[in-house]
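Reading through the structure tokens given below for one structure.
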Amino acid sequence: MATERIIAPTASPAEEHKNWALRPQSIEEYIGQPELIERLLIAIEAVKSRQSQKDDTETHEHLEHILLHGPPGLGKTTLAHVIGAELGTKVHVTSGPALARGTDLVAVLTRLQPGDVLFIDEIHRLPIAVEEFVYPAMEDFKIDVPVDTGLNARTVQIMCAPFTLIGATTRAGLLSSPMRSRFGITHHLRFYEHHDLVHILTRSASLLSMNRCDPDSLGRIASRSRGTPRIANRLLRRVRDFAVVRADGEISSTVVDDALALEGVDALGLDELDRTYLKAIRNVYDGGPVGLEAVAATLNEDAGTLEDVVEPYLLQLGFLARTRRGRMVTQRACEHLGLAPLAASAEDKPMTESATGLF
Ligand code: ADE
């Protein structure tokens, strides 16, 4: 089954480019995640205040390393940029898979200026051999580089500037515990509230010069955005195109409904893959419990994709339950999709938070 979805939380580089103009430029412009923003503002102000008491000969103060985890599309990269802007330092962006060898990391680390931010996306995909180099860099800002081989093998120590590592991951459970313990601030990003998404869409509509939107229309887009700003902005662009072609540029609730029905997105933001996933559990496995691998095989989908990009939102809606014995659809999901109600069955205990791979 194709995984190109209009409600996919991941983005292609071309889409990332389009989103660039819509991103908040400063922490004041950042909408949502209020607890995280408050923690960050305190930590940043404290660093700035300590730095202001130092003279130029002393070691530069740096913000503690930060680990951001949570579903894709919630703004981890955006946050790294607004943190850099707030600190007044440069942000260097890379990812776990891009740092294939220790020397890749050395190249990145030696480019850092004091106080800079190093953002490593998908940090759970950092090769173990590279992880070993990261630890001394995070703790003491030094890197032990191996030189020569055989009898001449030795290591040379290189110092790097004090920096802040911001690690981002959708799979916190896959991070090794020595890595996890080296972050001073760890935060789980939550899906955005409806009112935050409306706020983000209002800002984006204004940046895109969409001034003919009726007040309810942005709320209707927000309801279909799966708590994810990246999806909200993508749906907004589709609605804008539809409005230009079919409604003389005027965005009303009817235009939103028609545009997104055409894309196969329902009133709660579910698409064909979500519906097929829930229907498979309901109809093929009698509502569950069923193992993820079995559902993935039925749908000819990758289990990791289902776990990362389909299940989080269905769990959030209360349409899916993860139990000790496997996945189960809920009565609520059956009602929403017009499926036959579930037979009353033995109560299955939901998994604990740690067993779901979340912190
Ligand atoms: N655009 C995308 N995400 C945003 C956010 N959290 N705040 C403001 N604008 C955004």
Side-chain angles (χ1 to χ4, degrees), residues 4-34 36-38 40-41 71-86 91 189-271 274 313 316-317:
E4 286 271 316
R5 311 165 73 198
I6 186 174
I7 47 72
T10 47
S12 65
E15 186 180 20
E16 279 294 277
H17 188 72
K18 281 189 208 149
N19 284 341
W20 196 251
L22 302 180
R23 282 193 176 170
Q25 303 298 312
S26 65
I27 215 156
E28 292 82 59
E29 280 180 17
Y30 195 94
I31 298 159
Q33 311 290 344
L36 172 61
I37 296 299
E38 193 174 356
L40 290 174
L41 283 171
L74 300 191
K76 299 184 213 55
T77 315
T78 304
L79 272 163
H81 284 282
V82 299
I83 291 168
E86 203 64 23
V91 180
L189 293 186
R190 308 205 174 278
F191 285 120
Y192 287 64
E193 305 278 348
H194 184 268
H195 62 89
D196 288 331
L197 291 170
V198 172
H199 195 165
I200 290 171
L201 284 164
T202 307
R203 181 175 173 274
S204 300
S206 148
L207 289 169
L208 293 170
S209 309
M210 297 166 65
N211 28 36
R212 290 161 65 210
C213 290
D214 89 19
D216 285 344
S217 58
L218 297 181
R220 292 177 99 80
I221 300 178
S223 304
R224 290 161 167 86
S225 302
R226 307 164 75 91
T228 307
R230 183 184 285 155
I231 299 177
N233 284 332
R234 185 186 302 144
L235 296 182
L236 182 70
R237 282 194 296 266
R238 294 292 166 92
V239 168
R240 179 176 67 157
D241 289 353
F242 185 92
V244 166
V245 176
R246 295 273 170 88
D248 199 21
E250 184 104 33
I251 297 174
S252 63
S253 298
T254 322
V255 167
V256 170
D257 290 352
D258 291 350
L260 299 182
L262 193 65
E263 300 284 350
V265 177
D266 77 12
L268 290 179
L270 302 197
D271 76 344
D274 300 304
Y313 183 61
Q316 156 96 358
L317 283 179

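- Within the model, atoms CD1 of Ile37 and CD1 of Ile27 stand 4.5 Å from one another, a figure rounded to the nearest 0.5 Å.
- Between the CD1 atom of Ile251 and the CG atom of Asp216 there is a distance of 13.5 Å, given to the nearest 0.5 Å.
- Formation of a donor-acceptor pair under 3.5 Å by the Thr228 side chain with backbone atoms of Arg226 is found in this model.
- Counting heavy atoms from C-beta on, the side chains of Ile6 and Arg234 come closer than 4.5 Å.
- When every heavy atom of Leu218 is checked against every heavy atom of Cys213, the shortest pair comes out as CD2-SG, 4.4 Å.
- Side-chain atoms of Glu29 come within 3.5 Å of backbone N or O of Gln25 as a donor-acceptor pair.
- The closest donor-acceptor contact from the side chain of His194 to the backbone of Ala222 lies at 3.5 Å or more, if one exists at all.
- Note: Ile31 CD1 to Leu197 CG = 9.5 Å, rounded to the nearest 0.5 Å.
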* Asked: Could you go step by step and tell me if Arg220 and Val239 meet the side-chain contact (heavy atoms from CB on, under 4.5 Å) rule?
  -> CA-CA 11 Å; Arg220 292 177 99 80; Val239 168; over 6 Å; no

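- Side-chain atoms of Tyr313 do not come within 3.5 Å of backbone N or O of Gly227 as any donor-acceptor pair.
- With respect to the salt-bridge test (charged N to carboxylate O, under 4.0 angstrom), the residues Arg224 and Asp271 do not qualify.
- Distance CD1/Ile83 to OH/Tyr30: 9.5 Å, rounded to 0.5 Å.
- No side-chain heavy atom of Val255 sits under 4.5 Å from any side-chain heavy atom of Ser217.
- In this structure, the salt bridge (Lys or Arg N to Asp or Glu O under 4.0 Å) partners of Arg238, at least two apart in sequence or on a different chain, are Glu263.
- Side-chain atoms of Asp258 and Arg246, non-hydrogen and from C-beta on, never get closer than 4.5 Å to each other.
- Side-chain contact between Ser223 and Leu268 is absent, with no heavy atoms from C-beta onward closer than 4.5 Å.
- Applying the salt bridge (Lys or Arg N to Asp or Glu O under 4.0 Å) test to residues at least two apart or on different chains, none of the pairs has a partner in residues 189-199.
- Using a 4.5 Å cut-off on side-chain heavy atoms (C-beta onward), Glu16 and Arg23 make contact.
- At least one donor-acceptor pair closer than 3.5 Å links the side chain of Thr202 to the backbone N or O of Val198.
- Each of Leu208, Leu235, Val245 was checked for a side chain to side chain contact (heavy atoms under 4.5 Å, CB included) with Arg240, and the lone residue meeting it is Leu208.
- Annotation for Leu236 and Ser204: closest pair CD2-CB, 3.7 Å, computed over non-hydrogen atoms.
- Annotation: Arg212, atom CZ; neighbour count of heavy atoms from other residues, nucleotides and ligands within 6.0 Å is above 12.
- Between the CD1 atom of Ile221 and the CG atom of Leu201 there is a distance of 5.5 Å, given to the nearest 0.5 Å.
- Remark: Leu79 CG to Glu86 CD distance equals 11.5 Å, nearest 0.5 Å.
- With contacts defined as side-chain heavy-atom distances shorter than 4.5 Å, the pair Leu270/Leu317 qualifies.
- Side-chain contact between His199 and Tyr192: absent, with no pair of heavy atoms (C-beta onward) separated by less than 4.5 Å.
- Of all the heavy atoms in Pro72 and Arg230, the pair that sits closest is C-NH1, 4.5 Å.
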